[in-house]
Amino acid sequence: MTAPSTPPVPSEKGAEIGRRIGVGLMYGLFRPRVLGAWRVPATGPVIYAVNHSHNVDGPMVMGVAPRPTHFLIKKEAFIGPLDPFLLGIGQLKVDRSTADRAAITQALGVLENGGVLGIFPEGTRGEGDFAALRAGLAYFAVRSGAPIVPVAVLGSSGRPGRLIKALPPLRSRIDVVFGDPFDAIEGVRSSGTGGGGRRAGGSGRRTRKALDEATERIQKQLTAHLENARRLTGR
């Protein structure tokens with residue numbers, strides 16, 4: 001019996017289509033205020049680490065980010081017509097109940113090709129305060145050497161909309177704050193490799209100790225960014 005083949009790495013073209021759809025929807029339904037987008041490296045692999053308190057957070061980041069984004073999304077979201085649609089706009093289906101090797105390979109492929117990978121490091125929707133991180137973000141950052149850009153989405157979970165309960169109120173203000181890129185392992189310094197190819201400088205160290213240390217450093221950086229974002233926006 002042959003092993004199942006790994007799905008191909010999604011194209012940036014599909015993610016760009018998703019970004020354009022997101023622009024129309026997010027700016028049409030809400031009033032996004034975007035701060036710090038200039039901090040996102042213009043080329044080379046990048047990982048967005050996004051807090052997650054509402055189901056609109058992913059589409060909001062896709063629509064306001066300066067580069068097309070491939071998000072790791074739980075497989076439960078890929079239902080009915082959403083399955084081919086999400087795959088068509090370059091999003092990655094992940095089974096959170098196991099070590100999903102296909103999704104891991106695809107995500108690393110996005111970074112290898114110089115793309116942007118979006119991750120909710122808390123693993124699931126919650127308070128959106130980066131209080132508990134899963135190890136996946138550290139693994140991808142350490143393995144690829146890609147810088148992490150913290151992203152705080154604020155104002156999406158305040159109250160439900162009157163017309164559509166699953167969404168924030170229409171035309172409400174939602175703030176998206178991008179932070180300074182940083183490396184998962186302190187002291188790593190490297191230069192981009194242009195529009196494609198892996199960023200030089202990834203340590204490749206994937207021992208449990210290295211990942212634990214990286215996760216601790218990442219959590220401190222993300223928490224500090226969230227506190228700063230709240231000060232900037234008054235949230």
Side-chain angles (χ1 to χ4, degrees), residues 1-12 14-15 18 45-59 61-62 68-113 115-151 153 166 184-185 198 202-219 221-222:
M1 185 172 62
T2 59
S5 60
T6 300
V9 176
S11 71
E12 187 168 310
V46 172
I47 300 174
Y48 291 154
V50 186
N51 69 324
H52 196 23
S53 59
H54 197 283
N55 55 19
V56 80
D57 296 338
V61 173
M62 286 179 62
T69 309
H70 305 268
F71 265 102
L72 278 167
I73 302 174
K74 62 182 181 180
K75 69 173 186 178
E76 291 82 1
F78 291 74
I79 55 174
L82 279 178
D83 183 54
F85 172 72
L86 289 173
L87 293 175
I89 61 171
Q91 306 311 294
L92 306 174
K93 182 191 301 187
V94 60
D95 184 349
R96 298 179 300 172
S97 66
T98 184
D100 190 336
R101 296 190 179 278
I104 292 171
T105 300
Q106 283 188 300
L108 289 173
V110 165
L111 297 172
E112 180 75 28
N113 292 342
V116 179
L117 179 67
I119 296 179
F120 298 114
E122 296 158 291
T124 186
R125 192 167 68 246
E127 296 298 320
D129 56 4
F130 295 126
L133 304 188
R134 294 193 174 190
L137 173 56
Y139 174 83
F140 288 120
V142 172
R143 175 74 181 266
S144 68
I148 298 168
V149 171
V151 185
V153 182
I185 296 178
R198 180 175 298 174
S203 73
R205 293 166 53 221
R206 298 187 296 278
T207 64
R208 172 54 57 188
K209 183 174 184 293
L211 292 178
D212 286 347
E213 290 174 352
T215 298
E216 182 178 356
R217 169 174 164 76
I218 289 168
Q219 186 167 33
Q221 295 276 358
L222 297 184

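Since this is a predicted model, take the numbers as computed values, not measurements.
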Over all atoms of both residues, closest heavy-atom pair of Leu137 and Ala49: CD2-CB, 3.7 Å
Donor-acceptor pair, side chain of His52 and main chain of His54, under 3.5 angstrom: yes
Salt bridge present between Lys93 and Asp83 (N-O < 4.0 angstrom): yes
Nearest heavy-atom neighbours spanning Ala184 and Ile148: CB-CD1, 4.3 Å
Donor-acceptor pair, side chain of Gln221 and main chain of Pro150, under 3.5 angstrom: no
Contact summary for Pro121 and Leu222, nearest pair of heavy atoms: CG-CD1, 4.0 Å
Flag side-chain contact, heavy atom, 4.5 Å: Asp100 against Lys75: no
Pair Ser97-Asp95, side-chain donor/acceptor within less than 3.5 Å: yes
Test side chain to side chain contact (heavy atoms under 4.5 Å, CB included) applied to Ile47 and Leu111, Val110, Val149, the passing residue: Leu111
Shortest non-hydrogen contact from Pro68 toward Glu12: CG-CG, 3.6 Å
Basic-acidic side-chain contact under 4.0 Å: Arg217, Glu213: no
Where Ile73 and Phe78 come nearest, the two heavy atoms and their spacing: O-CE1, 3.6 Å
Nearest heavy-atom neighbours spanning Val142 and Ala214: CG2-CB, 3.9 Å
Donor-acceptor pair, side chain of Gln106 and main chain of Pro8, under 3.5 angstrom: yes
Qualifying residue, where the test is side chain to side chain contact (heavy atoms under 4.5 Å, CB included) with Leu92 and the options are Val9, Ile104, Leu117, Leu87: Leu117
Check: Phe120 ring centroid to Phe71 ring centroid under 6.0 Å: yes
Nearest-0.5 Å distance that lies between atom OG1 in Thr69 and atom CD1 in Ile119: 11.5 Å
